[in-house]
Amino acid sequence: MNAKYALALILALQVSGCLCQLPEPSEELVQKYDALKSVFYKRLLTALGKLQASAVDTAGTSERGQEARAYFEGMQAKPELQALVKVATGLGQEAIPLVDKARTAALGTYEHYLRPHVGQHLSDTIDRIKGLLDIVLPTE
């Protein structure tokens, strides 16, 4: 019986949450977020490039590395994997507007409710972490 009441309360809260208008983020916050996101992607691409270069060096020198290379090249030629990649790409393209809407809502909610309280501390922490990441995992 209590589970029914809990479920009814959750559903009522979801409906009331859907009906409210979420605040829009400021242009300054969106630009800051986009800058941090682009730096993050650059770091990932740099790390992936280093990992790939290391794997190529290892694959060229060991017998197991050459076997692994042949296996992955064989996997890339399979039509099942190509179909899976196409489906995943299509789903990703369909999800882009939903992700953008969710990101805008999250940024707006953060800016309206949390930024006045934790914004400066979070900004300082991000700057400190960026300094460490510049040493460990540079963007170039």
Side-chain angles (χ1 to χ4, degrees):
M1 190 69 169
N2 289 336
K4 290 180 183 178
Y5 288 126
L7 181 62
L9 178 64
I10 290 171
L11 291 175
L13 290 174
Q14 284 181 341
V15 169
S16 67
C18 293
L19 296 176
C20 67
Q21 182 68 14
L22 295 174
E24 290 290 321
S26 67
E27 188 63 32
E28 178 260 335
L29 182 64
V30 172
Q31 289 175 353
K32 187 173 184 177
Y33 172 80
D34 288 339
L36 289 172
K37 183 173 74 168
S38 69
V39 169
F40 176 74
Y41 285 146
K42 285 179 187 177
R43 289 184 199 283
L44 282 180
L45 288 175
T46 302
L48 182 63
K50 288 181 181 179
L51 182 65
Q52 188 176 19
S54 174
V56 166
D57 291 343
T58 304
T61 59
S62 71
E63 182 179 322
R64 292 195 65 44
Q66 291 174 353
E67 290 173 5
R69 174 190 253 174
Y71 174 75
F72 284 116
E73 287 175 354
M75 286 295 292
Q76 288 178 346
K78 288 189 174 188
E80 295 90 1
L81 181 66
Q82 292 174 357
L84 180 66
V85 168
K86 286 181 183 178
V87 168
T89 303
L91 286 175
Q93 292 297 323
E94 292 290 327
I96 287 175
L98 297 174
V99 171
D100 286 339
K101 187 176 180 181
R103 183 181 305 130
T104 301
L107 285 174
T109 303
Y110 160 74
E111 183 174 35
H112 186 67
Y113 296 109
L114 293 175
R115 196 172 190 193
H117 305 290
V118 297
Q120 188 59 43
H121 178 69
L122 183 62
S123 180
D124 294 342
T125 304
I126 289 172
D127 290 340
R128 282 192 296 253
I129 291 172
K130 278 175 36 179
L132 292 173
L133 284 176
D134 286 340
I135 297 168
V136 176
L137 190 61
T139 57
E140 295 180 15

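Just so it is clear, the structure is predicted and the values come from calculations on it, not from any experiment. Heavy atoms only: backbone and side chains are in, while hydrogens, waters and symmetry mates are out. The residues of the chain are indexed from 1 along the displayed sequence.
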Is any side-chain heavy atom of [X] closer than 4.5 Å to a side-chain heavy atom of [Y]?
| X | Y | value |
| --- | --- | --- |
| Arg115 | Leu29 | yes |
| Asp127 | Ser123 | yes |
| Arg43 | Asp134 | yes |

Whichever hydrophobic residues join [X] through chains of side-chain contacts under 4.5 Å:
| X | result |
| --- | --- |
| Leu91 | Val87 |
| Leu44 | Phe40, Tyr41 |
| Leu45 | none |

Original post:
Which value, rounded to the nearest 0.5 Å, describes the distance between His117 atom NE2 and Leu122 atom CG?
Top reply: 14.0 Å
Original post:
Measuring from Gln120:CD to Thr125:OG1, what's the distance to the nearest 0.5 Å?
Top reply: 9.5 Å
Original post:
Would a distance-only check, ignoring hydrogens and angles, find a side-chain to backbone donor-acceptor pair under 3.5 Å from Ser38 to Ala35?
Top reply: yes
Original post:
More than 12 heavy atoms of other residues, nucleotides or ligands under 6.0 Å from NZ of Lys37: is that the case?
Top reply: yes
For residues [X] and [Y]: do they belong to one hydrophobic cluster (side chain heavy atoms under 4.5 Å, members Ile, Leu, Val, Met, Phe, Trp, Tyr)?
| X | Y | answer |
| --- | --- | --- |
| Ile126 | Leu137 | no |
| Leu36 | Leu107 | yes |
| Tyr113 | Val30 | no |

Original post:
How far apart are the closest heavy atoms of Pro23 and His112, and which atoms are they?
Top reply: CG-CB, 3.5 Å
